[in-house]
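For reference, the structure is listed below as structure tokens.
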Amino acid sequence: MIAVLLFAGLYLMDWSFFRSSKKTIRYGYFILLIFYLTWNTLAVSWPGWPNPNDMINLVFGWADQISQ
């Protein structure tokens with residue numbers, strides 16, 4: 001959970017860049033932030049929920065088999 005808060009903090013530190021950008025980019029920024037926080041909070045607190053590393057392994061797992 002500490003890692004989730006750390007990366008959310010880093011994400012929010014980029015706010016100075018997004019503050020001066022278009023409104024649609026700002027909305028996308030906050031949608032991604034909320035999605036990221038929700039996904040990782042569920043992955044930490046609910047044992048059945050896949051964490052992002054599991055999803056990456058699921059999508060790109062075929063590449064690991066090729067490299068061996």
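Any value given below was found using the heavy atoms of this structure, including those in side chains, with hydrogens, waters and symmetry copies removed.
With values rounded to the nearest 0.5 angstrom, Asn40 atom CG is found 9.0 Å from Phe35 atom CZ. The line from CG of Leu42 to CG of Asn51 is 12.0 Å long, rounded to the nearest 0.5 Å. Here the OG1 atom belonging to Thr38 is positioned 9.0 Å from the CH2 atom belonging to Trp49, to the nearest 0.5 angstrom.
Pairing each heavy atom of Ala43 with each of Pro50, the nearest pair is CB-O, 3.9 Å. Scanning both residues, Pro47 and Ser45, for their nearest heavy atoms gives CD-O, 3.8 Å. Among all heavy-atom pairs drawn from Leu37 and Thr41, the shortest one is O-OG1, 2.6 Å.
At a threshold of 4.5 Å between side-chain heavy atoms, the hydrophobic network of Ile, Leu, Val, Met, Phe, Trp and Tyr places Trp39 and Trp46 in one connected group.
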